[in-house]
Undergrad: 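Input: one structure, supplied below.
Only heavy atoms go into these numbers, but all of them, side chains included; no hydrogens, no water, no symmetry mates.
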Amino acid sequence: MVHQYKLNGYNIVLDSESGSIHTVDDVAYDAIAMYEDMPREEIVCQLTEKHGISSDEAHEVIDDIDTLKNEHKLFTKDLFAGQAPLFKQKQSVVKAICLHVAHACNMVCGYCFAGKGEYHGERALMSYETGKRALDWLVENSGTRRNLEVDFFGGEPLLNWEVVKKLVAYGRSLEKKHDKNFRFTLTTNGILLNDEVIEFVNREMSNVVISLDGRKDVNDRMRTTHENEGTYERILPAFKKLAESRNQQNYYMRGTYTHYNTDFASDIIHMADLGFKELSIEPVVAPPNAPYALRESDLPKLLSEYERLAADMMKRKREGKGRDFTFYHYMIDLEGGPCIVKRISGCGVGTEYVAVTPEGELYPCHQFVGEKEFLLGNIYDGITNTAVCDQFKGCNVYSHEECADCFAKLYCSGGCAANAYHTTGSITGVYDMGCQLHKKRIECAIMLKVAEMFEGL
């Protein structure tokens, strides 16, 4: 399908099936919009009348569209629907685990999906022996894949810091023995982040995810300690030290926006003005009756905020004073991938990627932990609930009916299965608000790439 939109002075035409992107003038933009629905002579008549061009010029524009169609760069037919199940079967080995080393937290964030870090269960810390077995299980189930990923997660993983360090050392001991390469990451709220932790993660962790929601009042409204104290002032110095010590690379400052800060672009800009370069902010997914939940009436404001953020990023690049930054959802590679298999199959939840609880239970991902109907098995007996695995093997962009005529389907791969389940009751459902927000992010990301090309940004 073809998707057309105007943003920041650019007329952009996306051929979603081929991935071709065109920037065109007003005449071509209108001609493309009419191309499949009108006879050629009627298109010519409308173009000449609206734009004051000659009949010959109008025919030339349509000839160009014909050429692009014949080159499979416009109005390309879907070639992949029948191959989706086959592509999904390629996700046959485990490549990543989310290691829940702590079902406990030293914060009580108001929107926490993990129930104050305990995943609606008992407070628990993973033992070193359980963590070792989890790494062994990953190696055993990774086939010939060499690069493996392990995210130390919680709750707050720094509450179990000594075990984290020992598990990293154990993972390194497995690399040469099994011809594997571990890519360790850490997700932390920053309360316990100190010089010793920073030195270790800089040596051993490929990426670090740190949590801040933006402006002090926004952050401290939802991200508090057990004593109901705000955390902004407490965590910011350590976060700055970490980001600078990593040369403002290989980390992400990740925030969450809610109904309370629908002007979330200001929070991203605030973090950028503090000097942070690798930024992300996600819409909260919450029960509809929660006071902080996003509402349908918030949607126009949220969409405009993504456009405002993109405009600010363009302005900073034009100024060229080192104030530019990366926004995770605007990172898009129009030439190098991801490959079509990944675009159709999605993130690998429940197939290539699983979460491991402190007791060694296996779940499809961290957002399903504690949902007993999604319990896959454990690291000792392996995956025994194959019916759940089969559900996820059947989950791809074409298993979502709503995605059939969506221009963004090969950019989002059908969206997050956990968000779909928690809002619709089905992993093949569609979280409508999240879908609309993601489409806007795709539009902004493509526009920024167009600007980079035309303006040399």
Side-chain angles (χ1 to χ4, degrees), residues 83-101 103 113-115 117-122 124 126 130-131 133-143 145 148-151 153-155 285 287 341-403 409 412-431 434-435:
Q83 302 179 59
L86 176 62
F87 287 165
K88 195 69 175 184
Q89 293 303 315
K90 291 182 179 292
Q91 295 183 334
S92 58
V93 298
V94 181
K95 70 174 186 179
I97 59 175
C98 184
L99 207 56
H100 288 225
V101 293
H103 276 188
F113 73 90
E118 297 170 8
Y119 292 83
H120 312 289
E122 297 294 326
M126 179 178 285
T130 300
R133 177 58 200 148
L135 295 181
D136 288 337
W137 183 87
L138 173 58
V139 169
E140 293 164 7
N141 289 273
S142 62
R145 185 179 180 91
L148 306 177
E149 300 177 17
V150 177
D151 182 21
F153 201 74
V285 179
V341 173
K342 188 52 119 176
R343 286 173 181 258
I344 288 173
S345 302
C347 69
V349 55
T351 54
E352 294 181 321
Y353 167 80
V354 297
V356 185
T357 70
E359 296 79 20
E361 293 178 327
L362 297 172
Y363 284 90
C365 84
H366 61 286
Q367 292 198 65
F368 286 105
V369 168
E371 307 273 359
K372 290 301 181 181
E373 63 268 39
F374 288 101
L375 177 60
L376 299 175
N378 59 66
I379 54 176
Y380 308 102
D381 303 316
I383 293 176
T384 54
N385 192 350
T386 56
V388 173
C389 283
D390 290 342
Q391 286 185 51
F392 286 95
K393 286 181 179 179
C395 185
N396 59 66
V397 70
Y398 292 100
S399 63
H400 300 74
E401 293 182 7
E402 297 90 338
C403 296
K409 65 184 178 186
C412 80
S413 307
C416 173
N419 287 350
Y421 175 74
H422 290 125
T423 53
T424 72
S426 171
I427 63 171
T428 58
V430 168
Y431 171 40
C435 182

Undergrad: Under the ring-ring contact (aromatic ring centres under 6.0 Å, His included) test, which residues partner Y363, sequence neighbours left out?
TA: none

Undergrad: Is the backbone of L375 close enough, under 3.5 Å, to the side chain of N385 for a donor and an acceptor to pair up by distance?
TA: yes

Undergrad: Which heavy atom in C389 sits nearest to a heavy atom in L376, and how many Å separate them?
TA: SG-CD2, 3.9 Å

Undergrad: Between L135 and V150, does a side chain to side chain contact (heavy atoms under 4.5 Å, CB included) hold up when you go through it step by step?
TA: CA-CA 8 Å; L135 295 181; V150 177; 3.8 Å; yes

Undergrad: Supply the atom-to-atom distance T386 OG1 to K393 NZ, rounded to the nearest 0.5 angstrom.
TA: 8.5 Å

Undergrad: Excluding sequence neighbours, so at least two apart, what forms side chain to side chain contact (heavy atoms under 4.5 Å, CB included) with E373?
TA: E371, Y421

Undergrad: Do C98 and V354 have side chains that approach each other closer than 4.5 Å (heavy atoms only, starting at C-beta)?
TA: no

Undergrad: Show the nearest heavy-atom pair for residues G382 and W137, with the distance to one decimal.
TA: CA-NE1, 3.8 Å

Undergrad: Hey, mind stepping through V430 and C435 against side chain to side chain contact (heavy atoms under 4.5 Å, CB included) and telling me if it holds?
TA: CA-CA 7 Å; V430 168; C435 182; 4.0 Å; yes

Undergrad: Mind checking what makes side chain to side chain contact (heavy atoms under 4.5 Å, CB included) contact with S426, not counting sequence neighbours?
TA: T424, T428

Undergrad: I need the minimum non-hydrogen distance between I97 and A134, along with the two atoms involved.
TA: CD1-O, 4.0 Å

Undergrad: Please name all residues satisfying side chain to side chain donor-acceptor pair (under 3.5 Å) with N378, sequence neighbours left out, ordered by chain then number.
TA: D381

Undergrad: Measuring from atom CD of E402 to atom OH of Y431, what distance do you get when rounded to the nearest 0.5 angstrom?
TA: 14.5 Å

Undergrad: Which heavy atom of V369 sits nearest to which heavy atom of A355, and what is that distance?
TA: CG2-CB, 3.8 Å

Undergrad: Can you tell me how far CZ of F392 sits from CZ of F374, rounded to the nearest 0.5 angstrom?
TA: 5.0 Å

Undergrad: Using the side chain to side chain donor-acceptor pair (under 3.5 Å) criterion, which residues pair with D390? Sequence neighbours excluded.
TA: none

Undergrad: Would you call C365 and Y353 a side-chain contact if the rule is heavy atoms closer than 4.5 Å?
TA: yes

Undergrad: Do you know which two heavy atoms are closest between L138 and V94, and how far apart they sit?
TA: CD1-CG1, 3.7 Å

Undergrad: Please name all residues satisfying salt bridge (charged side-chain N to carboxylate O under 4.0 Å, His left out) with R133, sequence neighbours left out, ordered by chain then number.
TA: E140

Undergrad: Scan I427, T351, V349 and name whichever one has a side chain to side chain contact (heavy atoms under 4.5 Å, CB included) with C395.
TA: I427

Undergrad: List the residues meeting side chain to side chain contact (heavy atoms under 4.5 Å, CB included) with T130, not counting sequence neighbours, and say none if there are none.
TA: M126, S127, I379, Y380

Undergrad: Please step through side chain to side chain contact (heavy atoms under 4.5 Å, CB included) for the pair N419 and Q367, ending with a clear verdict.
TA: CA-CA 8 Å; N419 287 350; Q367 292 198 65; 3.6 Å; yes

Undergrad: Which residue pairs pass the salt bridge (charged side-chain N to carboxylate O under 4.0 Å, His left out) test with at least one member in residues 354-367, sequence neighbours excluded?
TA: E361-K372

Undergrad: Just jot down the side chain to side chain contact (heavy atoms under 4.5 Å, CB included) partners of V139, sequence neighbours excluded, or say none.
TA: L148, L174, H178, K180, F182

Undergrad: Within a strict 4.5 Å, meaning less than it, do heavy atoms of the L99 and D151 side chains meet?
TA: no

Undergrad: Tell me, do H366 and H100 make a side-chain contact under 4.5 Å, heavy atoms counted?
TA: yes

